[in-house]
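This report refers to the structure that appears directly beneath it.
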Amino acid sequence: MVYPIVKFGDPVLEREADNVTEFDTAELHQFLEDMFQSMYASKGVGLAAPQIGFSRKIAVIDVSNGENPSDKLVLINPKIVHIEGKQVGEEGCLSIPGFREQVRRARRVTVRANNVQGEEFERTGEDLLARAFLHETDHLYGRLYITHISALKRDLMKRKIKKLQRAGEWG
Ligand code: NI
């Protein structure tokens, strides 16, 4: 099923999610299927469980946006274990629709995570994939990309969002 995306302002987005301790269950497989469906329905390249209201350390990524099945990635309990280089580029978030900002990130990132069977693996990504590893892992620790922009830009964005909330035009 496709879940609605939780918008900025909901506290579930700003707290650390719970670790996953049970693997390879029918429920987990179904949940991952729902996460991919929800991500594709919103045309995202990554989605974290808190963004559909579940405070669990699970993220899905597909930088090909459904074009290339081998790009489908599941990260459970991910940790960033190595970063190098830098890239500056536009970043957005399905939970903060209508906004994009330049965000400085590492260019090459290694993440360590569990797969659906609970086995630990490492993946190294560059460019957009590196950015997705950082953005989605951040989500699972309650951090949004706006914590990586200047306080001035962040305050401006929050004021615009408040206006939208008051107008009833925000989730
Ligand atoms: Ni996001």
Side-chain angles (χ1 to χ4, degrees), residues 1-20 31-67 71-80 83 86-114 123 125-151 153-162 164-165 169-171:
M1 77 173 268
V2 171
Y3 285 91
I5 306 292
V6 170
K7 303 277 191 341
F8 175 74
D10 189 314
V12 73
L13 294 175
E14 292 179 86
R15 66 167 178 257
E16 184 177 345
D18 294 330
N19 282 306
V20 174
F31 185 71
L32 291 169
E33 192 45 51
D34 291 345
M35 282 195 68
F36 276 109
Q37 275 190 33
S38 304
M39 178 179 77
Y40 293 135
S42 301
K43 308 220 180 308
V45 296
L47 184 73
Q51 293 183 277
I52 53 169
F54 292 85
S55 193
R56 306 158 82 182
K57 284 207 181 84
I58 303 175
V60 296
I61 291 173
D62 181 354
V63 293
S64 81
N65 214 297
E67 293 296 310
D71 281 339
K72 283 177 80 171
L73 254 172
V74 171
L75 302 177
I76 302 176
N77 305 327
K79 283 192 176 71
I80 301 299
I83 60 170
K86 72 164 184 176
Q87 58 172 323
V88 179
E90 232 185 35
E91 201 165 314
C93 179
L94 294 175
S95 294
I96 314 177
F99 294 87
R100 296 185 75 78
E101 287 291 342
Q102 295 287 321
V103 182
R104 183 184 161 143
R105 297 282 198 180
R107 200 183 73 79
R108 189 178 159 90
V109 172
T110 303
V111 66
R112 182 182 299 152
N114 296 117
R123 269 293 290 271
E126 294 184 353
D127 304 319
L128 179 59
L129 186 56
R131 188 178 286 280
F133 285 164
L134 295 167
H135 182 112
E136 300 311 328
T137 302
D138 265 358
H139 266 301
L140 303 179
Y141 287 85
R143 282 191 302 269
L144 298 166
Y145 81 92
I146 60 172
T147 60
H148 299 290
I149 64 176
S150 74
K153 281 185 181 165
R154 187 166 54 246
D155 289 346
L156 188 65
M157 195 189 276
K158 284 182 177 175
R159 275 208 296 276
K160 286 180 182 165
I161 291 170
K162 278 218 176 75
L164 290 168
Q165 284 169 332
E169 290 166 9
W170 192 259

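Just so you know, ligand 1 is whichever comes first in the structure, and atom 1 is the first atom listed for that ligand.
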So is Lys160 actually on top of Phe99's ring, under 6.0 Å and inside 45° of the axis?
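No.
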Which salt bridge (Lys or Arg N to Asp or Glu O under 4.0 Å) pairs, counting each pair once, include a residue from residues 49-63, with sequence neighbours left out?
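Qualifying pairs: Glu16-Lys57, Glu27-Arg56.
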Partners meeting salt bridge (charged side-chain N to carboxylate O under 4.0 Å, His left out) with Glu67 (sequence neighbours left out):
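In terms of salt bridge (charged side-chain N to carboxylate O under 4.0 Å, His left out), with neighbours along the sequence ignored, Glu67 is linked to no residue.
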Protein N, O or S within less than 2.8 Å of the Ni ion (ligand 1), waters excluded
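N, O, S partners closer than 2.8 Å: Cys93 SG, His135 NE2, His139 NE2.
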Answer yes or no: does atom CG of Leu32 have more than 12 heavy-atom neighbours from other residues, nucleotides or ligands under 6.0 Å?
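For Leu32, atom CG is crowded (more than 12 foreign heavy atoms under 6.0 Å).
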Other residues, nucleotides, ligands: >12 heavy atoms within 6.0 Å of Arg100 CZ
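Atom CZ in Arg100 is crowded, with more than 12 foreign heavy atoms closer than 6.0 Å.
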Using distance only, find each side-chain donor-acceptor pair of residues 4-14 under 3.5 Å and give its atom names and separation, not counting sequence neighbours.
from  : atom 1 : to    : atom 2 : distance (Å)
Asp10 : OD1    : Val12 : N      : 2.9

